[in-house]
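Let me give you the structure first, and then I'll get to my questions.
Quick note on labels: first sequence line is chain A, next is B, and so on, each numbered from 1.
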Number of protein chains: 2
Amino acid sequence: MSPVNSPLAKKLNSFAPLSPDELTCLADLQARRRTVAAMTEIVHEGQTDHRAWILQEGWANCYKLVPNGGRQIIGFPLPGDFMGLRSILLRTSDHSFASLTDAVVTEVPKHRIDEIFQAFPRLATSILWAMSRDEAMVVEHLVSLGRRTAIEGLAHLFLELGQRLSLVDLVSGSGFACPLNQYVLADALGLSAVHVNRVLRQLRERGLVSVKAHQVIIHDLDGLRELAGYDSTYLNGDRPAR
Amino acid sequence: MSPVNSPLAKKLNSFAPLSPDELTCLADLQARRRTVAAMTEIVHEGQTDHRAWILQEGWANCYKLVPNGGRQIIGFPLPGDFMGLRSILLRTSDHSFASLTDAVVTEVPKHRIDEIFQAFPRLATSILWAMSRDEAMVVEHLVSLGRRTAIEGLAHLFLELGQRLSLVDLVSGSGFACPLNQYVLADALGLSAVHVNRVLRQLRERGLVSVKAHQVIIHDLDGLRELAGYDSTYLNGDRPAR
DNA sequence: CGCTGGTTTGAAGGTCGTCAAGAAGGGTGG
DNA sequence: CCACCCTTCTTGACGACCTTCAAACCAGCG
């Protein structure tokens, strides 16, 4: 994959078209790729080193552990997403990031971000857009946990993942590869793995979604949207959904 | 109240001591006060006008409505908090803000923020700290909804409110004024009002907290922290709690 | 072929929601 | 000052959603 066609470039391009200069700047930013094994921690909660990461390939998650042994997953960084960007611009990270699969990442030291904000203000705006989109996802996740049933929350999650993956060309037809097992889904949705299993069966039996062999297939997009009460605008920078 | 001693100044001062220049800058920023009746919307979801608000007196909430008639409260802005700051720095607000009580607010047009970032970089850093603290609160709220029981979530909420109010001198002894009724608490914690009532009784009977006449009194701070699994560092900019 | 991680299913029980109705406060008008 | 209202709080009964415990099943892999 040429870094000029990096997932980050694809994603930012969907917000505002990038100039050739900006594309090469992004390519430079992501030149030094590093591979990471599955299940390794990339940013630790409370870490204050002034660098962020860009996920190039693979899936990750960010989470908090609670005293009684439970875990709450905050979100799933996908290719093209920043990890720990807040700890660079703002202060320390308040949660941990870890890879879920084997992954490829690039390190972003603080001064590189500063340079971009100096030299490429339009690109900086796009990065801020990506940050605010990430926060909107956390808020929407909060709504899922508080005011949606298990089946609605799962439906919402699959729709969000599909839309985000399509931005970086990781959707083929009506399906996408998805390495999340039922334990991980449970920790994301505040449920038990057993109940996730039962709800997945319901989604399958209703002909909405099926998950098999790490592949999510959406059989009835409209029905799923209806069920989840899905409003896609929070991912699009408030322009109409495609 | 002299604006030099504004709640915002108190709060930011707890992060990094402010210089006289910075204090007067903050005072100018908050000169034009405006009163707002209880239950009026201040920022509407999707609004893109480039201005933010600072809450001076009273309580507010921010929330999202879901299609089936439910409501999820994202957070409670308190005196000294910004509202809609993201819609100024980033893009549009993805949720609504409304006053809960009669309130006093000041409007902050975008150019004032830009000026501060130009002329007072240290103050700008403090404002970014406040922003990141707000996000950490949303994440902690997410954990409450996903991986804490009703009683743990309520305990956590009271502890957080107490700590935030103490930063702006709104705590007296072991209690603080709190206008949140059981319906509002329910919409914040993803519960029904009936169940909030039952849980409040448990907290009272265990001798931990009591709520009466819009006054929250914490009887057993350590016990409450123990119950909630409360870690206060997310509010302190990662310096040890006082 | 046995191990391991993940999925599936059943049974029992706890947390929490819904429905319903009564009690307690606080404000208003007679 | 009292009657009446409204909002908020409180409590009970019942049921739904979800968890926990336990066990069986399945697929990939050394």
Side-chain angles (χ1 to χ4, degrees), chain A residues 37-39 59 61 66 68-73 100-102 144-157 177-206 209-217 227-228, chain B residues 37-39 59 61 66 68-72 100-102 144-158 177-206 209-217 227-228:
Chain A
M39 302 297 181
W59 287 50
N61 64 352
V66 294
N68 59 306
R71 183 171 78 124
Q72 178 61 51
I73 292 180
L100 281 169
T101 64
D102 291 345
S144 277
L145 296 180
R147 283 290 180 238
R148 288 197 253 259
T149 64
I151 195 169
E152 291 165 356
L154 256 175
H156 199 279
L157 178 59
C178 172
L180 308 180
N181 66 29
Q182 298 179 359
Y183 293 90
V184 173
L185 289 173
D187 280 346
L189 293 166
L191 302 169
S192 68
V194 172
H195 196 61
V196 166
N197 182 287
R198 288 193 253 262
V199 172
L200 286 177
R201 181 174 44 167
Q202 282 187 56
L203 286 170
R204 192 186 329 128
E205 287 172 352
R206 290 201 206 175
V209 199
S210 63
V211 187
K212 187 164 287 249
H214 295 178
Q215 195 77 15
V216 174
I217 299 171
L227 169 62
Chain B
M39 301 299 180
W59 286 50
N61 64 353
V66 293
N68 59 308
R71 183 171 77 125
Q72 178 62 51
L100 282 169
T101 64
D102 292 346
S144 278
L145 295 180
R147 281 291 180 238
R148 288 197 252 261
T149 64
I151 196 169
E152 291 166 356
L154 256 174
H156 199 279
L157 177 59
F158 285 137
C178 172
L180 308 180
N181 66 31
Q182 298 178 357
Y183 293 91
V184 174
L185 290 172
D187 281 345
L189 294 166
L191 302 169
S192 68
V194 173
H195 197 62
V196 166
N197 182 289
R198 289 193 259 259
V199 172
L200 285 177
R201 180 175 44 164
Q202 282 187 56
L203 286 170
R204 191 187 328 128
E205 288 171 351
R206 289 202 206 175
V209 200
S210 63
V211 187
K212 189 164 285 249
H214 294 177
Q215 195 77 14
V216 173
I217 299 170
L227 170 63

In this structure, how many angstroms lie between the C1' atom of dG17(C) and the CG atom of D187(B), rounded?
14 Å
Using atom NZ of K212(B) as one end and atom P of dA24(C) as the other, report the distance to the nearest whole Å.
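That distance rounds to 11 Å.
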Euclidean distance, N181(A) CG relative to D187(A) CG, rounded to 0.5 Å:
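It is 9.0 Å, given to the nearest 0.5 Å.
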Let me confirm one number: the CD-CG distance from E152(B) to L157(B), rounded to the nearest 0.5 Å.
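Answer for the CD-CG pair, E152(B) versus L157(B), is 13.5 Å.
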Under 4.0 Å, counting only non-hydrogen atoms across every strand here, what does A150(B) touch: a base, just sugar-phosphate, or nothing?
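Sugar-phosphate, no base atom in range.
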Rounded to whole Å, please give me the gap between NE2 in H195(B) and C1' in dC9(D).
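Result: 16 Å.
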Please tabulate, for side-chain N and O atoms in residues 197-205 of chain A, each donor-acceptor pair with protein atoms closer than 3.5 Å (sequence neighbours left out).
unit_1	atom_1	unit_2	atom_2	d
N197(A)	ND2	Q182(A)	OE1	3.1

Write down the distance between CG (L191(A)) and P (dC16(C)), rounded to a whole number of angstrom.
14 Å
Less than 4.5 Å apart, side chain to side chain, heavy atoms only: is that true for I151(B) and L154(B)?
no
Would a distance-only check, ignoring hydrogens and angles, find a side-chain to backbone donor-acceptor pair under 3.5 Å from R71(B) to A188(B)?
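Side chain of R71(B) to backbone of A188(B): no pair is present.
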Summary of protein contacts for nucleotides 4-9 of chain C, nucleotide by nucleotide, where a base hit scores B, a sugar-phosphate-only hit scores S (4.0 Å, heavy atoms)
--SBBB
With sugar-phosphate meaning primed atoms plus P, OP1 and OP2, does G190(A) contact a base, only sugar-phosphate, or nothing at under 4.0 Å between heavy atoms?
sugar-phosphate
Please answer whether the main-chain N or O of A37(A) pairs with a side-chain N or O of D102(A) as donor and acceptor at a distance below 3.5 Å.
no
Check the distance between dC18(D)'s P and L185(A)'s CG and give it to me in whole angstrom.
15 Å
For a quick test of reading the model, state the closest non-hydrogen atom pair linking A186(A) to S192(A) and the distance between them.
CB-C, 3.6 Å
Nucleic acid footprint by protein, nucleotides 25-30 of chain D - heavy-atom cut-off 4.0 Å, B for base, S for sugar-phosphate alone
------
Give, for atom CZ of R148(A) and atom CG of L227(A), the distance between the pair rounded to the nearest 0.5 Å.
10.0 Å
If every non-hydrogen atom of V216(B) is compared with every non-hydrogen atom of C178(B), which pair is closest and at what distance?
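Residues V216(B) and C178(B), closest heavy atoms: CG2-CB, 3.5 Å.
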dC17(D) C1' sits how many Å from L145(A) CG, rounded?
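Between C1' of dC17(D) and CG of L145(A): 15 Å.
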